[in-house]
Amino acid sequence: MDLLPSADQEALLAGAREFLVTALPVDASRWRDRDAVEARALKEFASLGWYGVGLPEPAGGLGLGAAEEALLLAEAGKYLAPIGLLAGMLAARVAWSTGLQDVASTILTGECRVGLVIPAQSGNVQLIDATASEQVVVLDSSTLCLASCSAFHDREPQPSLDQGVTLERASQIIPQVRPCESSGATLYLHAVVLVCALMVGLSEAVMEVAVAHAKQRQQFGQSIGVFQAVKHPLADMAVRAEAARFQTMMAALSIADARPDASFQTHAAAVIAGRAATANAHAAVQIFGAMGYTQECVVHHFVKRAVLLNRIIDGRLKQIDFLIAEKPSL
Amino acid sequence: MDLLPSADQEALLAGAREFLVTALPVDASRWRDRDAVEARALKEFASLGWYGVGLPEPAGGLGLGAAEEALLLAEAGKYLAPIGLLAGMLAARVAWSTGLQDVASTILTGECRVGLVIPAQSGNVQLIDATASEQVVVLDSSTLCLASCSAFHDREPQPSLDQGVTLERASQIIPQVRPCESSGATLYLHAVVLVCALMVGLSEAVMEVAVAHAKQRQQFGQSIGVFQAVKHPLADMAVRAEAARFQTMMAALSIADARPDASFQTHAAAVIAGRAATANAHAAVQIFGAMGYTQECVVHHFVKRAVLLNRIIDGRLKQIDFLIAEKPSL
Amino acid sequence: MNLLFTEEERDFRAEVRDWLESHRPPGIRPLDGRGMADYDIAWQRTQFEGGWAGIAWPVEYGGRGLTTVQQLIWHEEYAKAHAPEIGVCFVGLNHGGPTLIMNATDEQKRKHLPAILRGDQVWCQGFSEPGAGSDLASLRTQGRVEGDNIIVNGQKIWTSWAQWADYQELLVRTEPGSQRHAGLSWLVCDMKSPGITVRPITTMAGVAEFCEVFYDDVAIPLSNVVGGVGNGWRVAMSTLSFERGPGFMAEQMEAARLVEELIETAHTVRAPDGKRPAIQDDGIARTLGELRAEVTALRSMALAGISRADRTGTPGAEASILRLFLGEVVQKLYRAAMEIIGDESLVLSGWGQGWTRPYLHSFAYSMGGGTSEIQRNIIAERVLGLPRAR
Amino acid sequence: MNLLFTEEERDFRAEVRDWLESHRPPGIRPLDGRGMADYDIAWQRTQFEGGWAGIAWPVEYGGRGLTTVQQLIWHEEYAKAHAPEIGVCFVGLNHGGPTLIMNATDEQKRKHLPAILRGDQVWCQGFSEPGAGSDLASLRTQGRVEGDNIIVNGQKIWTSWAQWADYQELLVRTEPGSQRHAGLSWLVCDMKSPGITVRPITTMAGVAEFCEVFYDDVAIPLSNVVGGVGNGWRVAMSTLSFERGPGFMAEQMEAARLVEELIETAHTVRAPDGKRPAIQDDGIARTLGELRAEVTALRSMALAGISRADRTGTPGAEASILRLFLGEVVQKLYRAAMEIIGDESLVLSGWGQGWTRPYLHSFAYSMGGGTSEIQRNIIAERVLGLPRAR
């Protein structure tokens, strides 16, 4: 029993960090040139093997599991990694589990870029970062499936709250590849836990940004970090981030081991990580004061990404409702 | 338009304060000898005319209105006034409005002491401070009525959370005096606003106790009131108390003027004052630290009374549900 | 205590309602750019011509000199008529102008007050600095007296709409080496003076509202000092008692309107279970019910604040209670909206429309006019009498 | 990262489970009075005889010397078996004893350690004072060295179960005029010494758990000083690293059990509308769902804490995160319960039963072991590295 990364896992993470910090800086340089920066990073994720981290080696994967995927995405979440990373990991898994080995390969090699599709009201769907993608992975709570972007013929661009993604709306299509129902449910949990991991990273990174500011910013002749009105919200952020991280890792391990409580643990993770992302981003704005409210401060990207990630898993309220419908795991 | 007390009202309040501070001290002397202290005070309220504050002069009242009742009960609430005061005021009004002038007189003169009855689960009722009373006023959201204590033949004493009242359970009886439905609804609102007033007083008094402690208590070489972890929760208490007071006074005035939005204003007051009472009492415990958790500190009486008062108006959740069912008052 | 208006007040309400009905400008107010400034100025001129400019200003300075309750009525009817927000004219009418009234020479008054009322002069504020946000007294922008001028060097920040302003109320340190509140002066700064650079800052919600203003040897005539060199702090603080108690009512009414709009929205969007309208979800309904109670209480508190101001002449530190509570309620409202509207939460709504852009804007509610932390300090220290930190 | 236990650990779990099943004392533990103390002592003796006394103590001192993971297993099985809480034996086993192990002379160890394990010595703590609550270092109880004795005068407070204790770990100021952490000594105080008066304090929930202890010229032999005169602070702090990471699991499991019990209760009581079970009210269900998520996260965090302690030998300042979060969750749980149970909220429930008495008890969760405010300071300063206030 060990909830902290092993030495091998630490080594994997160290490599990831080294890559992320240069490939996906969360500063002005990123947003000035987002398309190019992210397209490059999405290619490089392929050469690092990220899309197949959790797939078996014969399938072209690294032969690791949901735990390693979650650890890596928690790192990537700190850098507000492009949604194409999540979508690619999920798409590769769907393709592999439905026997579409050739599609899986093009995703693993980075040839095929993948966007994300989620259900919207009145039978519509929303397409996230699908503009430069060939394939999309359609994520809803009853199933996951792959579809070609061209299947959506009435795509209409919409202004995205999160400036780090493109957003489109389209009519729902009949999914072209539908995995069997049972693996669909498992795949959904898998997807949820990966989104949780991104939210873990977001919660931690936005806290770190706020902590750094609280140490450096001077008011009334001292660093604002000495004031309890700053210190205590930061402590609460640490509590939320810690809860999010370890509940997410617990869920990832439960999925990796196919435990009977995997569903319970995953929905609990979604509730906790979803709140951590939103609440930590909100609290960070307040720590920065007026500056936090501008686009010159990095924090607004975290606020907007927290909205997006919570939405990708159908909103926190729905996740709570899933959880209360579960059998307890004592 | 004026939401602050007039000169006449201030004079009324000054008299009330002078009386309350000696008659109903919220300290050890009170609880050592509660029965005698409160029985005496309940008699004296009669000679001060409190039970008939809102009744017309020909009926033996002071000829004032719901606003003055609310102002007085907000003062009384600071001293955790016995429930017999609230019950007596309501009973006198019910008796008068249903033409039972003789019953009204015995209440106004203090000869007849009144307890309170509220509905409980499975067709039962709870009797509050009915042990030394002759009459009770039965308060539920569809009607108010008077009943003789003897009508409840299967009364069973129960340990009361609030040590400042007696609690009994009994089977529901058919009310012996039932006002017509329409005035019943108005009477219910009247009752709710008076309970709100008690909660306003509670919210303010427990804040004042906490403020005094924060100024006097020394830790780390200074008064704990300088720490934002103490100061800011106290500021939040002030916000809640101010909201509770003025929303309650608005509701009382709306009832006094029989305005169409009286119901809306009253349920809003119940939601706001109910939360102020509970949250301020909780926050005060924390300001006092470990001492706040003991019976040697006065705060626990406020915590318990906040539970009681919220329950008398059927719980905050029910009041919110009433409010959302209302037409908006813009 | 009473909720009644006098007959005169009721007549006044009818007069206000009629005038607003026939003069309220048509169309939607732009939320950014030159068009916005022009719109605001035109509307100010209309009000001036109708005799409604400077409703709280004394009559001797061209204002309308309304009582507090009349101001309340004005703001209530203004909100009901959906009249546009005051926008770029805010600082001149509600801060710069009143400061001049209380502190300026006759000549200074003559030059600026009528022009502000007519909409001919747009003013902005110049108090905050990068190193002096919540701690205003630590400001460092320097004013060096040279002959008949004060030469200003330094930087201000969070100046709303500086790009559209003609004048700025500018607080600078004119006594070198002075500390805290001492040695400051309050100047009328012509925004067209050489050496001024304005750089707008884009907010989270995409509006270029705030600006940085840089001063590079800007010469301001000594005759533009208001209240005397070195008295800047006193002058800047003198208008605290002019803070708009009744103006708060417009903000309350806007919040109340939004709660009802969100309740309506909850009738049209689906609940998290996808099976019924969101309003039928007890959890969502209860959040909305609490919000309804809160905005209702805000109105009662605002009325009480007006009654208080009517007696004491100043809204007092209790104004911080209103401000803090309003900010909390509005932020809670938009955060609830983001959960209720479901997939719409991903779409950035148009200017002044929908829920998402206003959600982003709502972060400003705990910043403007002192952060929520500062408001809590004020409440604790000035309302409750708690000691200040050393 | 893995959730697997080794075969040895699984065998150990079976052993623990079997033993607890056959030895767990019958009946309900009294929650106050001599009967409670006797019950706790008898149960400690049973554990001693079964070889389960001092599970975390080194084997050389008579303990069981379990690994951290074994301790976790013990606590999990203990909670599952509904074994009684440790009660009056807590301080001896978890604080006084470990302090002696790390700091005492052989003779001191021989005198106390075996007796604590057997249940023959009940210990209490004597650190907090009326003027030194959160600020422990400002304590003022004096110890004057006179011949072979230290003469103690002063007062302690918040000493749990002092009325049933045989010994006290007592921190006093032995260097007159010394400041803060300097000049303190850690003494073994015999509670039967002349001059000691114990006054129990009744909690909000009606339990006489905490005591004031008054010292009037109490003579304590110099040989009872542990770690040397003047080293009291170091001695008192030495056991911080002994804090029970795995013991936290018992508290988490209790909280998780309570959430499920409240969910069951919500199936039987009526919703606010009176028409359906409370659990069918979406708002109530969602509060319960959030609580379920939170206690689940607490377990994951506790396991992570154990993994961390396993690597570093100490739970670290992150233990404050667990403690703060647990307190918040438990208080939220009982506050939700008070709304859910309706009219039952007015009835004071029996000892250890129902919801209302535990609701009152739950206020202690943000006080004990440092208030929530102190926990937040610790997290901010030691986990996040923020500066301390001067």
Side-chain angles (χ1 to χ4, degrees), chain A residues 1-6 9 67-68 70-71 207-208 211 214-215 222-223 225-228 230-240 242-254 256-257 259 264-265 267-272 275 317 319-326 328-330, chain D residues 1-6 9 69 72-73 79-80 253 256-257 259-260 263 279 282 285-308 310-311 318 320-322 324-325 328 372-373 375-381 383-390:
Chain A
M1 197 292 300
D2 186 0
L3 241 75
L4 296 181
S6 65
Q9 288 166 333
E68 286 77 11
L71 282 171
M207 170 178 84
E208 284 159 21
V211 165
K215 287 179 184 169
Q222 44 197 335
S223 144
V226 305
F227 299 116
Q228 284 176 322
V230 170
K231 198 174 255 190
H232 288 190
L234 287 169
D236 290 332
M237 288 164 86
V239 174
R240 287 190 291 260
E242 176 113 340
R245 170 166 285 272
F246 292 114
Q247 183 53 36
T248 297
M249 294 309 152
M250 172 63 81
L253 286 168
S254 304
D257 298 355
R259 290 184 172 241
F264 185 96
Q265 297 292 351
H267 294 305
V271 173
I272 297 294
R275 179 171 63 188
L317 301 185
Q319 290 292 334
I320 299 176
D321 294 348
F322 280 136
L323 183 63
I324 200 75
E326 292 275 345
S329 159
L330 280 179
Chain D
M1 281 193 330
N2 72 80
L3 295 176
L4 307 174
F5 290 93
T6 64
E9 287 165 346
V69 173
L72 161 71
I73 291 169
K80 279 188 205 157
M253 290 181 73
R257 194 185 62 68
V259 171
E260 295 309 320
I263 291 173
I279 193 72
D282 310 305
R286 223 164 263 142
T287 302
L288 294 168
E290 283 213 79
L291 282 166
R292 215 181 218 182
E294 285 162 349
V295 291
T296 306
L298 265 171
R299 176 159 196 273
S300 303
M301 295 158 84
L303 290 176
I306 287 165
S307 305
R308 205 179 264 139
D310 230 16
R311 293 183 190 198
E318 283 89 353
S320 285
I321 291 181
L322 280 177
L324 179 62
F325 193 33
E328 285 181 349
S372 294
E373 290 76 22
Q375 305 288 8
R376 288 196 178 89
N377 283 349
I378 292 172
I379 295 166
E381 291 162 11
V383 180
L384 303 179
L386 288 161
R388 295 166 142 263
R390 283 173 242 158

query: Taking every heavy-atom pair that is under 4.5 Å apart, which of A:Arg275, A:Glu68, A:Glu208, A:Met249 has the most such pairs with chain D?
result: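 Answer, by heavy-atom pair count under 4.5 Å with chain D: A:Arg275.
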Chain A contacts, top residue of [options] (heavy-atom pairs, under 4.5 Å):
options: D:Ile263, D:Ile378, D:Ile321; result: D:Ile321
options: D:Glu381, D:Glu373, D:Arg311; result: D:Arg311
options: D:Ser320, D:Ser372, D:Ala293, D:Gly305; result: D:Ala293

- prompt: Which heavy atom of A:Met250 sits nearest a heavy atom of D:Leu303, and at what distance?
  reply: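 Closest approach of A:Met250 to D:Leu303, heavy atoms only: CE-CD1, 3.4 Å.
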query: Listed by chain and number, what are the salt bridge (charged side-chain N to carboxylate O under 4.0 Å, His left out) partners of D:Asp310, not counting sequence neighbours?
result: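 Result, salt bridge (charged side-chain N to carboxylate O under 4.0 Å, His left out) vs D:Asp310: none returned.
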task: Apply salt bridge (charged side-chain N to carboxylate O under 4.0 Å, His left out) to D:Arg292 and D:Glu260, showing your working.
output: CA-CA 8 Å; D:Arg292 215 181 218 182; D:Glu260 295 309 320; 2.9 Å; yes
Which region of [X], side chain (C-beta onward) or backbone (N, CA, C, O), has a non-hydrogen atom less than 4.5 Å from a non-hydrogen atom of chain D, or is it both or neither?
X: A:Met207; answer: side chain
X: A:Arg240; answer: neither
X: A:Arg259; answer: side chain
X: A:Leu71; answer: side chain
X: A:Ser254; answer: both

Criterion salt bridge (charged side-chain N to carboxylate O under 4.0 Å, His left out) on D:Arg308 and A:Glu242, from CA distance to verdict: CA-CA 13 Å; D:Arg308 205 179 264 139; A:Glu242 176 113 340; 3.1 Å; yes
Quick check on [X] against chain A: is it the side chain, the backbone, both or neither that has a heavy atom closer than 4.5 Å?
X: D:Leu72; value: side chain
X: D:Leu324; value: side chain
X: D:Ile306; value: side chain

task: Before giving the answer on salt bridge (charged side-chain N to carboxylate O under 4.0 Å, His left out), spell out for D:Glu328 and D:Arg376 the whole-Å C-alpha distance, their side-chain angles and the decisive distance to 0.1 Å.
output: CA-CA 12 Å; D:Glu328 285 181 349; D:Arg376 288 196 178 89; 2.8 Å; yes
- request: With sequence neighbours left out, write down each residue that passes side chain to side chain contact (heavy atoms under 4.5 Å, CB included) with A:Gln228, or none if nothing qualifies.
  value: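 A:His232, B:Phe227, B:Gln228, B:Ala229, D:Asn377.
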- prompt: To the nearest 0.5 Å, what is the distance between CD1 (D:Ile279) and CD1 (A:Ile324)?
  reply: 5.0 Å
message: One pair to check against salt bridge (charged side-chain N to carboxylate O under 4.0 Å, His left out): D:Arg299 and D:Glu294. What are the steps and the verdict?
response: CA-CA 9 Å; D:Arg299 176 159 196 273; D:Glu294 285 162 349; over 6 Å; no
